[in-house]
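Fair warning: this is a prediction, and the values are worked out from it, not measured in the lab.
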Amino acid sequence: MADPSSYRPKPGQIPDTPGVYKFRDEHRRVIYVGKAKSLRQRLASYFQDLANLHPRTRTMVTTAASVEWTVVSTEVEALQLEYSWIKEYDPRFNVKYRDDKSYPYLAVTMNEEFPRVQVMRGHKKKGVRYFGPYGHAWAIRDTVDLLLRVFPVRTCSAGVFKNAARTGRPCLLGYIGKCSAPCVGRVSPEEHRELAEEFCDFMAGRTGTYIRRQEQQMAEAAEEMEYERAARLRDDIEALKKAMEKSAVVLADATDADLIAVAEDELEAAVQIFHVRGGRVRGQRGWVTDKVEAVTTGDLVEHATQQLYGEETGDSVPKEVLVPALPDPVEPVQEWLTARRGSNVSLRIPQRGDKKALMETVQRNALQALALHKTKRASDLTTRSRALEEIAEALDLDSAPLRIECYDISHLQGDDVVASMVVFEDGLQRKSEYRRFQIKGFAGQDDVRSMHEVITRRFRRYLVEKEKTGEWTDGADTSDESPSSVAAGPEPGTDADGTPGGEVPEITFTEDDGRPKRFAYPPQLVVVDGGRPQVAAAKRALDELGIDDIAVCGLAKRLEEVWLPDDDDPVVLPRSSEGLYLLQRVRDEAHRFAITYQRAKRAKRFRSGPLDDVPGLGESRKQALIKHFGSVKKLRSATIDQICEVPGIGRKTAETIAVALAQAAPAAPAVNTATGEIMEDDEDAAPATTAGPVEEPVTAGASDERRGQET
């Protein structure tokens, strides 16, 4: 525990201007980010008598080892920089809202030639119109099914669309009138895009125009005695009205607004948001957070608006944001929202009428969400704490292992040997710190030697980071491979070195960027997937590096025995032990992560083609070649002058491609096993691209079934 006076800035060193400040721990990791109208006054409040500080603030300042700040010109810039740094550094003492689920959106891919209506989750993509979020995906599909009668927009995947275009036959929706079938040319791209625009307008709340237009067309058809057309329009109007009934009118003045309500206690807070468009509730979502810092309701509202609108622009930010309490001060937040929308945004507390009544409804939802979360988490916290205590007791550790790292080796009969490292903190997965390794020290199958190499590389990198911060002064040999050779590829959440995005006028401290490094933080416990040999290899690797303060154990699969480095007999935990269950989860997650990466490498190797052997030919030019000629077979028969016609391909490169394809043996012709017919060899009609690893869920039970061939 650090003494805040040991890193307190000197009097007069802190400027009396707006800015953003960062507290760092002893490992130079950013643990808290804050903003202030006056940096001098705000930072001075942290360096007072510890007894006068809020308990959470006291924990933060005693965990920190240094403080630094960045000066900006306005409070709005401070708000923007604070948001970007919180997103970048993920500081542990900042309020971070977490969704209790991944909410589905109704998305229209306006960035495609033929826009598609579909259900989407996760991060929003540029050029895609989103509506929602919805509580359930089936609610989106029911709504879309009703609206496709009136707006027959494409809903099929790219593969189905291309197949229909190739065969000249639309899918079933095209035959029953729920798709305009642009795949076979029934409508032009412009006509289909107009349909998609009308669909988006209707979903955005502009419903009256289309219903009145449909009613007018129905009356005209009836006057002209086109009764079948009039009946179809009547059914379309009923479908539109039925879709509108799914979201009741809550604000009679057709307001576009977001309502944010907060329910909180001393430890946690729940936030509920209702998205109202055109006076109707179009979506709902909720967050829960630990109050790891001393915050007011207004602060929670400010953090919620940052989370909601930090990545949004234009109409995605509504004209009104109704909240239970205003941030202090409110003007910078309101200016920031106005800048993101491009027009004035009102941030206020509803005082009377329908908006206040609706806010009370949102508040009740927030209270229920907090109560439900506490019911779920009480058992979860107790279970995880008991599991960590059981592990510490069984392995004779000084304290509970709050950070556990597990390693597993995977290969297919000695080929594509890889390893995985997964991280659990406080008994929960920390996926942003997962890492992957390619075994490069030798060829062939040797799990023990592979484990020794992986542990050596991981902790040698830890010593490198430790030496950078001045914590390691023994002159240990820390030369190792480059970061790119340690981790086979970037994982979601992996941070690279660099400075924070965005321009800032002045940076007072410039020592280290503070973002989480790849291998900067040591675990309290290393778990290896295997028995005594693997444990001995891991322990030997740590001993060779001079690391003696990290515990090591192994979990053998056959009898779920826990092996320790210096014991002849394993530790047997009871089958009902929460500690054993946690170790199994850690081990199975490491196996899943390793085998997923191994399969991806194997699939990439199987998908390789003759163009992969051409030196200097990247993915973009390979795709351009395939797109131009249609297949490798046609490219092989092309002349050098014809290859030069492809954009980006010069004559020297064309000659290299021709030589490489001439030396490569063509693939054997495919045979239809049902008829014995030799099928036309089209040899890689699609671009020879390589897909990244796709993580698929692998349960603990399913892991054993694959170990016969894959380990």
Side-chain angles (χ1 to χ4, degrees), residues 107-116 118 120 123-128 154 156-168 182-185 188-190 192-193 196 416 438 484 488-492 496 597 599-670 679-694:
V108 185
T109 58
M110 301 302 293
N111 56 348
E112 298 183 6
E113 181 182 9
F114 297 100
R116 176 190 177 193
Q118 63 185 114
M120 276 192 180
H123 295 293
K124 293 185 177 181
K125 300 178 182 178
K126 187 177 180 180
V128 179
R154 166 197 165 208
C156 60
S157 65
V160 173
F161 186 88
K162 290 179 181 179
N163 186 61
R166 182 178 60 82
T167 61
C183 53
V184 295
S188 65
E190 294 76 17
H192 185 266
R193 181 167 291 275
D416 298 319
Q438 298 182 57
S484 59
E491 286 300 309
Y597 179 40
R599 288 173 180 167
K601 284 183 60 65
R602 188 169 75 245
K604 179 180 179 180
R605 180 161 52 85
F606 288 163
R607 285 195 299 267
S608 63
L611 291 179
D612 294 332
D613 299 328
V614 179
L617 193 64
E619 288 297 326
S620 298
R621 293 201 288 179
K622 282 193 287 185
Q623 293 183 22
L625 286 166
I626 296 298
K627 184 177 181 180
H628 183 84
F629 290 101
S631 68
V632 175
K633 179 181 179 181
K634 294 177 181 178
L635 174 60
R636 181 179 278 117
S637 60
T639 64
I640 293 177
D641 290 335
Q642 290 173 331
I643 298 175
C644 289
E645 295 175 2
V646 179
I649 304 297
R651 187 164 191 86
K652 185 175 180 180
T653 304
E655 292 173 353
T656 305
I657 293 170
V659 171
L661 292 178
Q663 293 175 348
M679 302 173 66
E680 180 67 21
D681 177 19
D682 212 14
E683 196 180 347
D684 290 337
T689 59
T690 58
V694 177

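Counting heavy atoms from C-beta on, the side chains of Arg636 and Phe629 never come closer than 4.5 Å. Side-chain contact between Gln642 and Leu635: absent, with no pair of heavy atoms (C-beta onward) separated by less than 4.5 Å. Counting only heavy atoms from C-beta outward, the side chains of Thr109 and Met120 approach each other to under 4.5 Å.
To the nearest 0.5 Å, the span separating CD1 on Ile640 from CD on Glu655 amounts to 4.5 Å. Ile643 CD1 to Arg651 CZ: the interatomic distance, rounded to the nearest 0.5 Å, is 10.0 Å. Rounding to the nearest 0.5 angstrom, the gap separating the CE atom in Met110 from the CZ atom in Arg193 is 4.5 Å. Here the straight-line distance linking atom CZ of Phe161 with atom CD of Glu113 works out to 7.0 Å at 0.5 Å rounding. To the nearest 0.5 Å, the span separating OG1 on Thr653 from CZ on Arg621 amounts to 4.5 Å.
Formation of a donor-acceptor pair under 3.5 Å by the His628 side chain with backbone atoms of Glu645 is not found in this model. Formation of a donor-acceptor pair under 3.5 Å by the Thr167 side chain with backbone atoms of Asn163 is found in this model. A side-chain donor-acceptor contact under 3.5 Å links Arg116 to the backbone of Cys156.
Considering only residues two or more places apart in sequence or on other chains, Thr656 meets the side-chain contact (heavy atoms from CB on, under 4.5 Å) condition with Val614, Pro615. Here Ser188 pairs with Glu190, Glu191 under the side-chain contact (heavy atoms from CB on, under 4.5 Å) rule; sequence neighbours left out.
Between Val108 and Ala196, the shortest heavy-atom contact is CG1-CB, 4.4 Å.
Taking the six-membered ring where tryptophan is involved, the planes of Phe114 and His192 are perpendicular, since the angle between them exceeds 60° and thus also 30°.
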